[in-house]
Amino acid sequence: MPKVNMVQAINLALKEEMQRDKSVVILGEDVGKDGGVFRITEGLIEQFGTERVMDTPLSESGIVGAAVGMAIYGLKPVAEIQFMGFIYPTIDQLFSHAARIRSRSRGRFTCPIVVRTPYGAGIKALELHSESTEALFCHMPGIKVVVPSSPYNAKGLLISSIRDPDPVIFLESTRLYRLIKEDVSEEEYTLPLGSARIVQEGKDVTLIAWGSMLHRVLQSVEGVDAEVIDLMTLSPFDEETVYKSVKKTGRVVIVHEAPKTCGFGAELSASIAEEAMLYLKAPILRVTGYDVVMPLPKFEDYYMPSVERIRKAIEEVMKY
Amino acid sequence: MPKVNMVQAINLALKEEMQRDKSVVILGEDVGKDGGVFRITEGLIEQFGTERVMDTPLSESGIVGAAVGMAIYGLKPVAEIQFMGFIYPTIDQLFSHAARIRSRSRGRFTCPIVVRTPYGAGIKALELHSESTEALFCHMPGIKVVVPSSPYNAKGLLISSIRDPDPVIFLESTRLYRLIKEDVSEEEYTLPLGSARIVQEGKDVTLIAWGSMLHRVLQSVEGVDAEVIDLMTLSPFDEETVYKSVKKTGRVVIVHEAPKTCGFGAELSASIAEEAMLYLKAPILRVTGYDVVMPLPKFEDYYMPSVERIRKAIEEVMKY
Amino acid sequence: MPEKTIESFTVQRLDILDEKGIADESLMPSLSDEDIKRMYELIVLSRTFDQRALNLQREGRLGAYPSLLGQEASQIGSAFACEKSDWVFPSFREMGVYITLGYPPHMLYQYWAGDERGLKISDNVTIFPLCVPVGTQIPHAVGAAIAAKYRGDKIGIVTYFGDGGTSKGDFHEGFNMAGVFRLPVVFICQNNQWAISVPREKQTASKTLAQKAFAYGFEGVQVDGNDIFSVYKATKDALEKAKRGDGPTFIECFTYRMSDHTTSDDATKYRSKEEVDAWKQKDPILRLRLFMEKKGLWTEQYQKDIEEQSTLIIDEAVKEAESIKPPHPEEMFAYTYEKLTPRQIKQMKGF
Amino acid sequence: MPEKTIESFTVQRLDILDEKGIADESLMPSLSDEDIKRMYELIVLSRTFDQRALNLQREGRLGAYPSLLGQEASQIGSAFACEKSDWVFPSFREMGVYITLGYPPHMLYQYWAGDERGLKISDNVTIFPLCVPVGTQIPHAVGAAIAAKYRGDKIGIVTYFGDGGTSKGDFHEGFNMAGVFRLPVVFICQNNQWAISVPREKQTASKTLAQKAFAYGFEGVQVDGNDIFSVYKATKDALEKAKRGDGPTFIECFTYRMSDHTTSDDATKYRSKEEVDAWKQKDPILRLRLFMEKKGLWTEQYQKDIEEQSTLIIDEAVKEAESIKPPHPEEMFAYTYEKLTPRQIKQMKGF
Ligand SMILES: Cc1ncc(C[n+]2csc(CCOP(=O)(O)OP(=O)(O)O)c2C)c(N)n1
Ligand SMILES: Cc1ncc(C[n+]2csc(CCOP(=O)(O)OP(=O)(O)O)c2C)c(N)n1
Ligand SMILES: [Mg+2]
Ligand SMILES: [Mg+2]
């Protein structure tokens, strides 16, 4: 099995699905000849032509709006938004339409689109190139949100997302794109949406993370008997796995890079406080980005949850 | 003191601020001759002219974007978005710009805009006329979110919002517009942003709500020694008041009409689970809208948190 | 500045049937007597539907409702030009379009009474559900056209919006893509002169709406939107052009909203009786009737017959709409995703 | 269809200075020799700034950086037409505009090194911070123009964007409002033929970008964007028109992005060497030099002097930018709101 990074794994998933299913098409800015600014779609226009790999005008709302129309007609469009900071103009099409097509038409029409976008900090990029606002999309019933954490699960989750009959936001950590290589089969495989994965079992404390923060968590749990959960799908999230772990450990630390207030950590914590309160031995702590406008690179390291901050939170809950 | 409803109270606040400060101007769809579809701006164009009460083209993003530019230049624009369901196309201008003007220019420029919009269900309206997605705006540092619950506090909070040096989303419950009348002084008064109000003191359970749900909560607490908090400002919310109450009662029920997952109740619950865990006697419960696309009128009553559902939650936490 | 000219345009206007019912024969599209009668009957049916909706709303049996009064020629003329296989993406006022395409009137009433089951379109009608957020359906039409072109389906995609809709960003992004990809879309703007209380000249400073198409490299044309023959012809030609692979067309139907914006609105607050009265002379049904009378296609008896027929259909539709059992609360969850989420199942079981 | 014409337009193009440095005297704007030399010196300074930025980036001392190479005439010609009191809303590639308006170069380096303090504009320069989300600054210019008009300030508002920016919804909504309210805005599009890898003809199907203005009821003009006199004249005229109260103007500067999109891009992937080489002949600095030489305003010595001068300024700017102490972590919180929230205070104190 070839060892590939996440860019290659995502490229592989797209290629395989396009080979398998003629209704899968790609659209976005610079996805064609340029192969995407992160090279995710490299080689696809050569293999599948301009009809299936469409360079669009600079129109985020138009891209997602057109994808909705394509899906209504029966295609399975995979739209790329160049950075998560440019997804905001698509929110109207996502929330007013993509999320509601099935409901509005009582199932006559559906909206199986995937909106892929690079998210998160860690590559010292420009303003609006480091956003991590995944929680916004988890508050919209009708939309699913998926965040892979490795080449292997990126491929399996993307294929599932493309095959999913409902709209999926697929968030790819820019920091992870080229950070890790993994064995990724060129055979077809899928990973189910809505299922978390226990990366490491443990008894004393449950750590919950997704995307690039998972790796920081793994660096932080040394010497602790920690159970580490990679959520992978945020909406709908795998409640069962979370509660089961929390009921076992009685302690929870949630880590994400988005600002704390109303981040997805809030939902996790609230769900736990509702469903597993009696098992808790300590306050549920969140280690997150600060409640500030996402800063430029000079502040980036300070903004991001560090190993040190995560350790401190673990120590804190272990006091109880 | 005249007894007025919320429509009149908001109208009064706008009129007073426009009289006091020439830099306060209004823009939006149908805010002029028509006086707004809910009659909030009635009479203002006659009094202040078309230069200060601007009917705009049908362009939500343009309205908020123009308001940002006006604020940068030194005005204090109050923009009306006709219904909260049409605020989604403004999210890009709000999150990419309004929230960041101060930070991006390190304080050289600021963005004192108010975006008013009717929100929530309860008037059996069309699709996208009953949205309650306040939580989205609470996840964006740089933005404040205010939700009045009565004519009196609507006036005081709106005046504070207009005078606030930062962008404020001001959410007006359509259900409350004409539901209650209250004494509202024609004298100038303000209510501070970021402060909650204890509507009713109690010892056994803390209920937290805002906007129209506050009234449903008040109907539900009969016979219970409940402390009821009207949050009024969601971002930044009054942590001190919330924790103090929770530490006293040890039981919490949060009520909102937005879908449960990632609603603002999640943040409240998570904050409490972090800061006051050791005082809690029972799970923190949320009584909310369901995790479905906001339905049309035939389902509205079933969707909204009912007195019965709230009572049931109170009974549940009282079991502990 | 004295400069050189590098591009030029003209905006055309099409008028066939005048207010007196006289048609310019040189421009007249080919329509059989049966077609013309069918068009007329659809206008009468739509108007009957509309009038009843206003009554039902007044009685609290429907929610807020947007009347199509005055826009029948624009709606029925254009929809009549569609083939069964064409796709239509309407805005929210297109009850005349729905009816022309064979959508069951009782389902429209059901929807306007606040029951989303009214939007469960049957598989053989390719008209999309009503779109409430103005202008946002335009990119859907564009996307469907991309898909149809990709599949090699020789069909046209029609989308409707108002003069207000032309101000939205999605209008721009959709039109621009349609131009770039030369898509088989027919964009139909019912310029009814008002967007709630905002008059056309405050909506945009361009003299016509039609000219906006030139910004995207394709043709825009203005037609008398109260003249069903002009609307029909322009739509028919545009659909043929689309199917030939010659790209999109923008048709501005110059018409008038005779009614309040919706039943929640009071138009007397912002527009004059004189203006409304002037437009009454231009009633689309009046001039078609005069035309048909001259051709011997219209008689008093015919009028009575089709009015009766329409009333019957509408009576039946109301009865059917109101006899439908209220939806089961569980249905509220059923169409969020293909499958219920575990959390939804928990919520359904009661708090 | 035979119809009647109800509106017509022509799109004009302005060319003054040709590639050989010969100016059409009948069109030449009034500029003193000193003005012309100042313009030239600003081009040289901008190019020195730009070249250094590319070097610094290569050495890891700046982040990703978008070169303005080739667009100097468009940027400096237009900014030179601005008065001190005019307001400017740039996009992200307008380092030449910033420099022309007197923005300290060291702050630009500071910003591109990832330090937002570089955007803390001093009170006497009314140019707005760089805007990263393409096209979204256009409504800000429109809003500022509404405010200026309301205040009775007789100023012009200038905003810059690229050919890619014309596809965004905010372009449309902003332009439309500017037309409706007849605002004192000058919209400047640097059509540099590329939006990253998307060529101009795939961005939109209209023959010119200038013609898009007619969709909003005001004038659009195309100018040779590599000819500083054309750009200057068009901008100056448009600003005067704006200040007279005669509304907005759209200027398409027809130019070319000589460099990669940014330092993260590799343009050889998607465009040919031939195309780039052809545009080298049209270099804006070359033709201005030829013009000045003929007028006796340019000598080898002059060139050496101003190059030295520019290098000195840029050396100084780099030194200053790099000697600034890193910001204190607490500064990260300071500009979210006017006052810190209780939660921020808690966060600042450490988790
Ligand atoms: C995006 C959006 N903004 C505001 C509204 C509220 N609204 C409903 S219809 C309407 C006016 C629409 O005018 P036009 O496009 O001319 O269509 P018409 O009503 O004349 O048929 C407005 C402002 C809406 N539905 N969607
Ligand atoms: C809304 C948005 N989408 C995507 C991007 C990523 N991006 C940065 S520049 C650019 C191309 C811009 O092209 P153009 O407007 O012609 O300006 P130019 O780069 O040529 O100066 C893109 C797609 C962005 N910054 N903003
Ligand atoms: Mg209209
Ligand atoms: Mg460009």
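A, B, ... follow the sequence lines: proteins, then strands. Residue 1 opens every chain. Not measured: the values here are computed from a predicted model. Computation of the quantities below employed the complete heavy-atom set of this structure, encompassing side-chain atoms and omitting hydrogens, waters and symmetry-equivalent molecules.
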With a 4.5 Å cut-off on heavy-atom pairs, point out which of C:Arg117, C:Glu331, C:Gln203 contacts chain B the most. C:Gln203
What part of C:Pro327 gets within 4.5 angstrom of chain B, counting heavy atoms only: side chain, backbone, both, or neither? both
Assess the pair C:Phe49 and C:Tyr109: is the distance between their ring centroids shorter than 6.0 Å? yes
Test B:Arg116 against every option in B:Ile81, B:Ile40, B:Leu171, B:Ile169 by the side-chain contact (heavy atoms from CB on, under 4.5 Å) rule and name the one that passes. B:Ile40
Which atoms of C:Val198 are under 4.5 Å from chain B, going by heavy atoms: the side chain, the backbone, both sets, or neither? both
Tell me, side chain or backbone of B:Thr261 under 4.5 Å from chain C's heavy atoms, or both, or neither? both
What option among B:Tyr302, B:Phe299, B:Phe86, B:Tyr303 has the most heavy-atom pairs under 4.5 Å with chain C? B:Phe299
Atom group of B:Glu42 that falls short of 4.5 Å from chain C, counting heavy atoms: side chain
Tell me if the centroids of the rings in C:Tyr160 and C:Phe89 come within less than 6.0 Å of each other. no
Taking C-beta and beyond as the side chain, do C:Pro139 and C:Glu173 meet within less than 4.5 Å on heavy atoms? no
Counting heavy-atom pairs under 4.5 Å with chain C, which one of B:Val292, B:Asp30, B:Leu126 comes out on top? B:Asp30
What option among B:Glu127, B:Lys298, B:Glu60 has the most heavy-atom pairs under 4.5 Å with chain C? B:Lys298
Report which part of C:His328 has an atom under 4.5 Å of a heavy atom belonging to chain B: side chain, backbone, both, or neither. backbone
Run the ring-centre check on B:His256 versus B:Trp210 and record whether the distance is less than 6.0 Å. yes
Go through the atoms of C:Gln344 and report whether side chain, backbone, both or neither lie under 4.5 Å from a heavy atom of chain B. side chain
Hey, are C:Tyr65 and C:Ser264 close enough side-chain-wise for a donor-acceptor pair under 3.5 Å? no
Shorter than 4.5 Å, heavy atoms on both sides: which option in C:Ile196, C:Asp115, C:Thr262 has the most such pairs with chain B? C:Ile196
Chain B heavy atoms under 4.5 Å from C:Asp170: which part of the residue, side chain, backbone, both or neither? neither
